[in-house]
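This report refers to the structure that appears directly beneath it.
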Amino acid sequence: MVKMLSFVSLLERDDEGHECGYCKNAKGSISDGMWAHRLTCIDYQLLIDRGYRRSGQYLYKMNMCKTCCPAYTIKCDALNFKPARSQKKVMKAMTKYLTMPEVMTVAKETAASTSADDTGDRGATVAVAAAAAAASSGAQSTSGNWHQGKLHPPRPGAGADPDRPPCRKAKDVRKERKAMKKVGGAEGEGGKPSEGRAVLAVGSDGGKPPEANSPFKTIEQLAVETLPGKEPVHRLTTALVPSDPKDPVFEATRRDSFALYAKYQTRVHKDKPEDITTKKWERFLVESPLQRKEAAPGIEYGSFHRHYYIDGKLVAVGVMDILPNALSSVYLYYDPDLPQLSLGTYTALCEIMLTRELVKSLPELKWYYMGFYIHDCPKMRYKGNYSPSLLLCPEAMTWHPIEQCVPKLDVSKYSRFSPGGSDDATGAGAGAEWEIMRRIPVVLPNNSGLATYEVYERRFGRRSRKMVETYVVLVGKEIAQQIVLIM
């Protein structure tokens, strides 16, 4: 079997800088870049573990000591992920939207009718409210006294119903339920429920195993798309499409995907419509240097677009790379007309669930990469809410819990996380050694063949030595000896 090789070209170092997309400093963002002509997924895995990210075929790494907003690679331990309260709310909001949006609509209409002008077009809304009141009174007839004439139902807006107990705070209800769970059930003598106590039935949440009733629910247990015995009101479906213009499935969805991207960029990022073109979209999010390869039956490594549909309409697209050790998120665009669904957070949680699903077939694939964490940028700090997460030390190239890194970043926007003063053994800050450089595979000028850098230097002199030394320092000694550098 012929070994698949990776080919890159080192681009000229940008010491002058360009506009920062986070703090808008005109010349503050400084990075080092490479153009990836072709990359194996294992080589790209090694590169992102050294701080690289890709935008299309362009690979870049922030110059952490000089750039205005140091960007730290962040990854989440998907297997041990525990959703935060805000993330649980997003999952529940989607469940409500999929299973019972008509209830929310009626509630909004009823609320609106109480403050609307008394005009003829209120009839339908008032009728709905009256029907709801009639149903409520029928359910209460066995305990109330309305039918005996002792009390009269309150008129709309006249105050609380005297026949019903006062409302309780949701917080108090949750505390009571939690206490019930700790007790271990609500059964009294003879196995019957104790009088006056609420009972939480085992398996009451859709036939899930008993552990589903634990106060610490997994993300999968929160992702409820249907209620027991009920048809969903809306249907959510997903599709994983190869990021390849030649793929027939991608080609069939190209127009809808680009239209959603254009809508997102203009509404959310305020881009000018004339600046959004299919060519730029393809170069940014469609073209990929990663070589697709079968990882397991029905699973491939490579670049993909994950499409999210509600009732057949495309509402979000997550661009991602499936790598040997991780699922790496590249970009997301979604329908801004659905702000109540928090699609940014929801799709991130779905990608964590996808990682947890993939690990069943690929045990090494257990990390979810979220790109860069920028402590000084409020809109990028949210990534630290996905717990547990680790940050990459920019000097030692080692991973550290974000909780240990934040105190250092509060003091200085650039920080070393690893204890001690030595750099990593792969050449993060040390000068490149000749024994390493001489073995680097290169493509000779004019595509005249493959050789080692030692052969290149004998034929063309030392004019490129400084550039190659920089290359080894950036990518590390291990990667430098297995990726082919185009001279």
Side-chain angles (χ1 to χ4, degrees), residues 6-14 16-22 24 26-27 29-41 44 47-48 52-62 71 239-292 300-309 313-323 328-337 343-344 347 351 371-372 447 486:
S6 299
F7 295 84
V8 300
S9 298
L10 189 65
L11 302 180
E12 187 175 350
R13 204 164 196 175
D14 180 19
E16 293 186 3
H18 55 274
E19 183 180 3
C20 177
Y22 305 108
K24 304 305 179 182
K27 293 289 185 179
S29 183
I30 302 176
S31 61
D32 294 287
M34 297 189 298
W35 188 260
H37 302 271
R38 188 173 76 187
L39 273 181
T40 65
C41 289
Y44 183 57
L47 285 170
I48 64 173
Y52 276 92
R53 296 291 295 172
R54 76 172 187 88
S55 175
Q57 293 183 251
Y58 176 67
L59 306 180
Y60 61 100
K61 178 179 182 178
M62 305 306 297
L240 197 61
V241 181
S243 183
D244 181 359
K246 298 178 181 179
D247 184 87
V249 179
F250 181 88
E251 181 61 30
T253 59
R254 173 196 294 269
R255 179 173 297 184
D256 290 342
S257 186
F258 173 72
L260 182 63
Y261 169 76
K263 182 179 183 180
Y264 172 81
Q265 292 296 127
T266 53
R267 294 270 296 278
V268 177
H269 292 289
K270 311 302 180 185
D271 290 356
K272 297 179 180 179
E274 58 269 24
D275 293 336
I276 303 172
T277 65
T278 54
K279 186 176 181 179
K280 290 181 179 179
W281 169 67
E282 289 177 357
R283 185 167 183 172
F284 175 35
L285 296 173
V286 179
E287 296 175 2
S288 171
L290 301 188
Q291 302 300 295
R292 283 163 55 191
E300 286 186 321
Y301 295 135
S303 300
F304 298 88
H305 285 199
R306 194 181 197 197
H307 292 180
Y308 297 81
Y309 296 89
K313 179 185 177 183
L314 185 65
V315 297
V317 176
V319 184
M320 63 182 69
D321 297 325
I322 298 179
L323 306 174
S328 176
S329 177
V330 178
Y331 198 71
L332 171 79
Y333 48 97
Y334 56 84
D335 190 343
D337 289 334
L343 288 172
T347 54
E351 289 177 358
F372 288 136
N447 291 323
I486 299 178

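Values in this document were obtained by computation on a predicted structure and should not be read as measured data. One is the number of the first residue; the rest follow in order along the sequence.
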If I compare all heavy atoms of Leu260 with all of Ala316, which pair ends up nearest, and what's the gap?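 Nearest heavy atoms, Leu260 then Ala316: CD2-N, 3.6 Å.
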Where is the tightest heavy-atom contact between Ser257 and Trp281, given as atom of each residue plus distance? OG-CZ2, 3.6 Å
Which residues pass the side-chain hydrogen bond (donor to acceptor under 3.5 Å, both in side chains) test with Arg267, not counting sequence neighbours? Asp337
Check against side-chain hydrogen bond (donor to acceptor under 3.5 Å, both in side chains), Ser303 and Arg54: CA-CA 11 Å; Ser303 300; Arg54 76 172 187 88; 3.2 Å; yes
[Y] side chain reached by [X] side chain, heavy atoms, under 4.5 Å:
X: Pro245; Y: Glu287; answer: no
X: Thr253; Y: Tyr309; answer: yes
X: Phe258; Y: Ile276; answer: yes
X: Tyr44; Y: Leu290; answer: yes
X: Trp35; Y: Tyr58; answer: yes
X: Gln57; Y: Leu39; answer: no
X: Asp321; Y: Cys41; answer: no
X: Leu285; Y: Val317; answer: no

Look up atom NE2 in His307 and atom CG in Leu240, then write down how far apart they are to the nearest 0.5 Å.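 Rounded to the nearest 0.5 Å, the NE2-CG separation comes to 9.0 Å.
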Suppose we screen for salt bridge (charged side-chain N to carboxylate O under 4.0 Å, His left out). Which residues come up paired with Glu251, at least two apart in sequence or across chains?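 Once residues adjacent in sequence are excluded, the partners of Glu251 under the salt bridge (charged side-chain N to carboxylate O under 4.0 Å, His left out) criterion are Arg254.
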Where do Arg53 and Ser328 land on the side-chain hydrogen bond (donor to acceptor under 3.5 Å, both in side chains) test, with the steps shown first? CA-CA 10 Å; Arg53 296 291 295 172; Ser328 176; 2.8 Å; yes
Contacts of type side chain to side chain contact (heavy atoms under 4.5 Å, CB included), residue Glu19, not counting sequence neighbours: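 Residues passing side chain to side chain contact (heavy atoms under 4.5 Å, CB included) with Glu19: Lys24.
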Measure up the Tyr264 and Tyr333 rings against each other and bin them: parallel (under 30°), tilted (30 to 60°), perpendicular (over 60°).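 Aromatic pair Tyr264/Tyr333 classed tilted.
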